[in-house]
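The next block holds one structure in the form of structure tokens; read it before the comments.
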Amino acid sequence: MTTEAARYFSRELLSWYLEIRRDLPWRQNRDPYRVWVSEIMLQQTRVDTVIPFYERFMEKFPTAAALAEAPEAEVLKSWEGLGYYSRARNLQAGAREVVSLHGGVVPDDKEAVASLRGVGPYTTGAIMSIAFNRPEPAVDGNVMRVLSRYFCLEEDIAKPATRVGIEKLAASLIPEGSAGDFNQALMELGALVCTPKSPGCLTCPVLQHCEGRMAGKEHILPIKTKAKPPRPETRLAAIITGSGEHAGRILVRQRPESGLLAQMWELPHVLFAPGGDSTGSTAAKRRGRGAAAKAAAAAAAETAAGAAPSALEQHARQAEYMSRALSAEEGLLVRPTSWWGEMEHVFSHIIWDVQVFRAEFGFWVQSAAKQEAVTLAGAAAESAVFYEASSAAAESQALPANYRWIGPEHMKELAFPNVFVRILRDYWNELD
DNA sequence: AACCCGTGGAA
DNA sequence: TTTCCAAGGGT
């Protein structure tokens, strides 16, 4: 059908790229390790966001061997704020594979590269083509959009099968001896000209034979089914202050090895699921997505309806819920003292409405006594018994392994998700 | 196939 | 304000 249009496309796109290519940090040379790191960071992340992270990362871990030897916590800290933190751990795991299996050199071998942790079909093609100039396709969102438009392809690019088909097409377009430049040219066009909204067709180097444009479909292509909206969750977090040797510090904990925000540090918090509702508060459900930041306002508005609690009552209820849940789940007895504020955190699939409460540390409960502690926690909220129990018990108790007392100065060592960085920054700023 | 995994910029 | 989605991979 389009062998002529295809040849035109490859030729014009390549020469366009060689003219306008951006001067990016990972384009200084073709060191496969540098290419690899850049491709991992660029997964689902914009160029402008990546650049400062990349500069710092390469200065700190200039070779695969340096990355392989580094403490994992240090690598995670370097990734703080970039998101998708499993990328950091997978990258280091990959670096260790490269050191142990390939003498510290990223191999010029497709199967070996593809087997590295965190390296999938796209990244394999990117590394093989950019670092080694091998004629492998590197199909990302940009490439699917550009080729869908140019060849007027109406398959749903959200379906994995579509990517496979476009990979075959992309491979057939690679000019002899220019795989790296051509693959980057495709992505550069998608990033700078053939953008998702309002594509810049008037400045496009391949406008002349673009079938999507000729069909008047450049604005509806690519076809892509909508993603499911993220579910709202209300989280109750505690800023727990210490006394005695822990005066002036607050209690933080490290998340589990796997799952959401794996191994990141955070304020202790619990899911607010009153009445056994596992998806969050009924108020959160009614609000739906996008309005999570207005919990207090929503609660206040509900008061007008009659039965709903005021914001003050809602906070009191949440504080008690948090206290009970922390003792049941963590064996951590605290006394909430006041509502501090609210912070919203948006993931790809969840929206957290984080309600933050100030609390005073009580004591740690032994696991056998946790059930009893749940009851005690309810009474503890207003009880002097709380103080008698805590002052007697707190001194000699060991801290669980995943907990630490920290001050502002420790923020430089531990990696926190963005939401807790914001909360703690604001909290410590208020104290000055 | 359908989820799970962060964050920020642009329109 | 809301919506989209960015040089995706793992399970």
Side-chain angles (χ1 to χ4, degrees), chain A residues 21-22 24-27 35-54 76 79-91 93-94 114-127 129-130 137-146 156-163 167 170 180 183-192 194-199 219 222 224-231 255-256 258-264 266 287-294 344-352 415-422:
Chain A
R21 68 199 288 266
R22 288 172 290 179
L24 300 172
W26 45 89
R27 287 178 177 167
V35 172
W36 179 19
V37 172
S38 75
E39 291 301 338
I40 299 300
M41 285 192 172
L42 285 162
Q43 287 170 5
Q44 301 291 284
T45 312
R46 289 178 147 71
V47 166
D48 289 344
T49 302
V50 165
I51 289 174
F53 285 89
Y54 182 79
L76 195 58
W79 215 270
E80 183 189 77
L82 197 52
Y84 285 131
Y85 299 99
S86 66
R87 292 185 296 176
R89 293 185 300 136
N90 288 338
L91 179 58
S115 73
L116 297 172
R117 293 291 297 176
V119 176
Y122 162 76
T123 306
T124 299
I127 293 173
S129 62
I130 298 171
V139 175
D140 68 339
N142 282 313
V143 175
M144 288 197 284
R145 182 173 61 256
V146 168
D156 182 356
I157 66 168
K159 296 184 183 304
T162 302
R163 197 208 73 234
E167 278 177 346
N183 283 345
Q184 292 182 85
L186 272 170
M187 294 186 277
E188 200 88 337
L189 187 72
L192 300 181
C194 197
T195 49
K197 301 166 185 176
S198 62
H219 291 289
K224 185 178 186 182
T225 54
K226 286 184 168 62
K228 212 175 83 175
R231 67 175 184 275
R255 296 180 61 87
S258 62
L260 182 68
L261 301 170
Q263 294 177 256
M264 304 286 282
E266 64 180 8
R287 284 198 306 277
R289 71 164 296 182
K294 301 306 173 198
E344 187 183 64
H345 192 55
V346 181
F347 301 91
S348 303
H349 55 309
I350 309 172
I351 297 180
W352 276 359
F416 288 83
N418 198 280
V419 61
F420 294 109
V421 170
R422 294 199 308 265

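Residue numbers begin at 1 in each chain, while the letters A, B, ... track the order of the sequences.
- Considering only side-chain atoms of A:R117, the nucleotide from C:dT11, C:dA6, B:dC4 that sits closest is C:dT11.
- The side chain of A:N142 sits closest to C:dA6 out of C:dA6, C:dG8, B:dC3.
- Note on A:H349: a side-chain N or O is less than 4.0 Å away from OP1 or OP2 of B:dC5.
- Look at NZ on A:K159: it is 11 Å from C1' on B:dA2, rounded to the nearest Å.
- Contacts of A:I350 with the nucleic acid, taken as non-hydrogen atoms under 4.0 Å apart, are absent.
- Nearest nucleotide to the side chain of A:K197, out of C:dT3, C:dA7, C:dA6: C:dT3.
- The separation between A:R46 atom CZ and B:dT7 atom P is 16 Å, rounded to whole Å.
- Across C:dA7, B:dT7, C:dG10, the shortest atom-to-atom separation from the side chain of A:L42 is found for C:dA7.
- Of the C1' atoms belonging to B:dC3 and C:dA7, the separation is 23 Å, rounded to the nearest Å.
- Using a 4.0 Å heavy-atom distance criterion, A:R145 is classed as a sugar-phosphate-only contact.
- The nucleotide whose nearest atom lies closest to any side-chain atom of A:N418 is, among C:dA7, B:dG8, B:dA1, B:dG8.
- Within 4.0 Å (heavy atoms only), A:G190 reaches no atom of the nucleic acid at all.
- Of the candidate nucleotides C:dC5, C:dA7, B:dC3, C:dC5 has the atom lying nearest to any side-chain atom of A:P196.
- Residue A:Q44 has a polar side-chain atom (N or O) positioned under 4.0 Å from OP1 or OP2 of C:dG8.
- Here A:Y84 does not reach the OP1 or OP2 of B:dC4: none of its side-chain N or O atoms lies under 4.0 Å away.
- The nearest whole Å value for the distance from the CD1 atom in A:I40 to the P atom in B:dC5 is 19 Å.
- With the nearest nucleotide of DNA chain B identified for both A:A161 and A:D48, A:A161 has the one nearer the 5' end.
- Distance from the side chain of A:L260 is smallest to B:dC5 among C:dG8, C:dC4, B:dC5.
- A:T123 comes within contact range of the sugar-phosphate backbone alone, with a heavy-atom separation under 4.0 Å but no base atom that close.
- Across every non-hydrogen atom of A:I350 and A:L260, the tightest pair is CD1-CD2, 4.4 Å.
- Spacing of P atoms, C:dC5 relative to B:dC5, comes out at 22 Å, to the nearest Å.
- Remark: P of C:dA7 and CG of A:L91 are 20 Å apart, rounded to the nearest angstrom.
- A salt bridge links A:R22 with A:E188: the distance from a Lys NZ or Arg NE/NH1/NH2 to an Asp or Glu carboxylate oxygen falls below 4.0 Å.
- One can place NZ of A:K228 at 5 Å from P of B:dC3, the figure rounded to the nearest angstrom.
- Contact record, A:W79 with A:M41: CH2-CG, 3.6 Å, taken as the closest heavy-atom pair.
- Rounded to an integer number of Å, the gap from CZ of A:F53 to P of B:dG8 is 8 Å.
- Scanning all heavy atoms of the two residues, the minimum distance from A:N142 to A:G190 falls at OD1-C, 3.4 Å.
- Residue whose closest nucleotide on DNA chain B sits further toward the 5' end, between A:R422 and A:S258: A:S258.
- Across all strands shown, A:W79 has no heavy atoms under 4.0 Å from either base or sugar-phosphate atoms.
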Let me see the working for A:Y122 and A:Q43 under side-chain hydrogen bond (donor to acceptor under 3.5 Å, both in side chains), right down to the final yes or no. CA-CA 9 Å; A:Y122 162 76; A:Q43 287 170 5; over 6 Å; no
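- To the nearest angstrom, P of C:dT3 lies 19 Å from CZ of A:F347.
- Among the protein residues, A:A191 comes within range of the sugar-phosphate backbone only, with heavy atoms under 4.0 Å from sugar or phosphate atoms but none that close to a base.
- With hydrogens and angles ignored, a donor-acceptor pair closer than 3.5 Å exists between the side chain of A:T45 and the base of B:dG6.
- Residue-level contact check: A:L24 touches the bases, meaning some heavy atom is under 4.0 Å from a base atom.
- Comparing atom distances between the A:K224 side chain and each of C:dC5, B:dT7, C:dG8 picks out C:dC5 as nearest.
- Nearest heavy-atom pair, A:V143 versus A:A138, reported as atom, atom and distance to 0.1 Å: CG2-O, 3.5 Å.
- Across every non-hydrogen atom of A:R145 and A:C194, the tightest pair is NE-O, 2.7 Å.
- A:V119 comes within 4.0 angstrom of the backbone, heavy atoms only, and of no base.
- Nearest-nucleotide assignment on DNA chain C puts the 5′-proximal partner with A:S348, out of A:T124 and A:S348.
- Rounded to whole angstrom, the span from the CZ atom of A:R255 across to the P atom of B:dC5 amounts to 9 Å.
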